[in-house]
Amino acid sequence: MTAPFAPAPYPLARPRRLRSSPWVRRMVAETTLSPSDLIWPLIVHDGAEDRVPVPSMPGVFRLSPKAAAEAAKEAHGLGIPMVGLFPNVDPSMKDTVGTGATDPDGLVPECIRAIKDAVPDIGVMTDVALDCYTDHGHDGVLQDGRIVNDPTLERLAEQAFIHAHAGANVVAPSDMMDGRVQAIREALEANGFQDTLILSYAAKYASAFYGPYRDAVGSARQLSGDKKTYQMDYANTDEALREVAMDIAEGADMVMVKPGMPYLDIVRRVSETFKVPTLAYQVSGEYAMMKASIANGWLDEDRAILETLHGFKRAGCAGVLTYFAPQAARLLGA
Ligand SMILES: NCc1[nH]cc(CCC(=O)O)c1CC(=O)O
Ligand SMILES: [Mg+2]
């Protein structure tokens with residue numbers, strides 16, 4: 001005997017109908033991923049060789065300015081709109097105030113010029129911070145064991161000006177000093193660079209996932225202590241919204257959340273709250289973690305790359321900085 005309230009023997013609503021073939025899945029997809037969403041971070045160096053492998057980041061190389069220009073050409077051909085520059089300079093060039101950061105003939109200005117000569121139409125972004133140039137590996141000026149905020153601002157403003165002057169389109173302060181967006185914006189305005197974009201690493205967390213990068217740029221050896229007095233505590237979310245609000249008020253055009261995959265909740269809240277282009281950085285440790293699994297045959301490389309990058313779009317990103325950029329662009333049919 002049937003129960004008085006027996007359910008129908010079939011479901012009336014079947015979400016699986018919308019997944020039943022590739023064409024319908026494609027038609028109803030809520031988000032898309034394309035090469036236009038990708039920014040390729042390039043590690044550059046002042047060494048003699050054109051390409052030196054980074055051991056903790058298989059597939060990533062330290063590039064000479066010439067090789068960086070070739071990489072930018074490749075990126076442009078793949079439809080990648082922008083590359084970022086991250087310098088590894090000879091340790092003998094490093095000092096406590098990061099003098100090398102403001103050398104107009106330094107490695108980064110040289111790379112900017114080489115790229116702009118070779119591929120005028122690609123966006124060039126630079127990292128504004130002192131850590132690659134200081135003998136203590138911190139992003140700011142060190143005095144009596146403390147990273148001092150305001151004296152660092154002048155250094156950063158000068159560094160950003162030098163990058164803009166060399167032809168950078170986007171300057172991206174990654175140091176997390178208070179007030180640096182305003183200091184940079186004022187320096188740019190005062191020197192005729194009102195069209196230079198500022199991409200602020202607004203919500204940058206003190207993270208274990210920067211480890212391989214610090215090997216790549218050669219700041220790991222130097223770094224004394226941690227960066228917790230300036231980078232954010234990963235327990236916090238509301239604080240990220242306050243940081244972003246300040247940077248927008250100070251003149252940032254775009255904001256970044258960093259690291260990426262463990263922080264997509266922050267991306268979601270930032271992009272929904274502020275409606276400004278929100279980028280995220282799939283950082284070196286995320287890359288290394290995936291590459292190690294891939295090398296062991298534990299993850300399917302192509303599928304894992306596209307799935308993680310699509311996750312950034314779903315969370316609300318306008319773009320993603322990723323060492324997988326050229327590979328992903330090829331997978332996307334570029
Ligand atoms: N100015 C520092 C900077 N800019 C980009 C990264 C990390 C990028 C990565 O891990 O891929 C870092 C590291 C840090 O803050 O120690
Ligand atoms: Mg801030």
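Numbering starts at 1 and runs along the sequence shown. First listed ligand is number 1; within each ligand, the first listed atom is number 1.
In Glu243, the N, O or S atom that comes nearest to the Mg ion (ligand 2) is OE1.
Screening Thr152, Asp175, Asp139 against Arg180 for a side chain to side chain donor-acceptor pair (under 3.5 Å) leaves a single residue, Asp175.
Within ligand 1, counting atoms from 1 as listed, the ones closer than 4.0 Å to a heavy atom of Ala129 are 1 (N). Less than 4.0 angstrom separates some heavy atom of Asp139 from each of these atoms of ligand 1: 1 (N), 2 (C). Remark: ligand 1 atoms within the under-4.0 Å shell around heavy atoms of Lys227 are 14 (C), 15 (O), 16 (O). Counting atoms of ligand 1 from 1 in the listed order, those under 4.0 Å from a heavy atom of Tyr323 are 8 (C), 9 (C), 11 (O).
By the criterion of a heavy-atom distance under 4.0 Å, both the backbone and the side chain of Val283 are placed next to ligand 1.
A cation-pi arrangement is present between Lys204 and Tyr201 under the rule of less than 6.0 angstrom and at most 45 degrees off the ring axis. Figure legend: cation-pi geometry between Lys258 and Tyr210, with NZ or CZ positioned under 6.0 Å from the six-membered ring centre and within 45° of its axis.
Compare Ser174, Ala216, Gly137 by their heavy atoms: the one nearest to atom 1 (N) of ligand 1 is in Ser174. When the options Gln282, Arg214, Lys258 are ranked by their closest heavy atom to atom 12 (C) of ligand 1, first place goes to Lys258.
Taking 4.0 Å as the cut-off, Lys204 counts as a neighbour of ligand 1 on heavy-atom distance. The closest approach between Tyr281 and ligand 1 falls below 4.0 Å for a heavy atom of the residue.
Contact detail for Glu110 and Pro65: the closest heavy-atom pair is OE2-CG, 3.6 Å.
One hydrophobic cluster, built from ILVMFWY side chains closer than 4.5 Å, cannot hold both Val52 and Val60; they sit in different ones. A single hydrophobic cluster is not seen to contain both Leu223 and Ile147; linkage of ILVMFWY side chains at heavy-atom distances under 4.5 Å, directly or through other members, places them apart.
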Verdict with supporting geometry, Asp131 and Arg214, salt bridge (Lys or Arg N to Asp or Glu O under 4.0 Å): CA-CA 9 Å; Asp131 57 323; Arg214 291 179 191 166; 6.0 Å; no
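Looking from atom 10 (O) of ligand 1 to the surrounding protein, the closest heavy atom is Ser284 OG, 2.7 Å.
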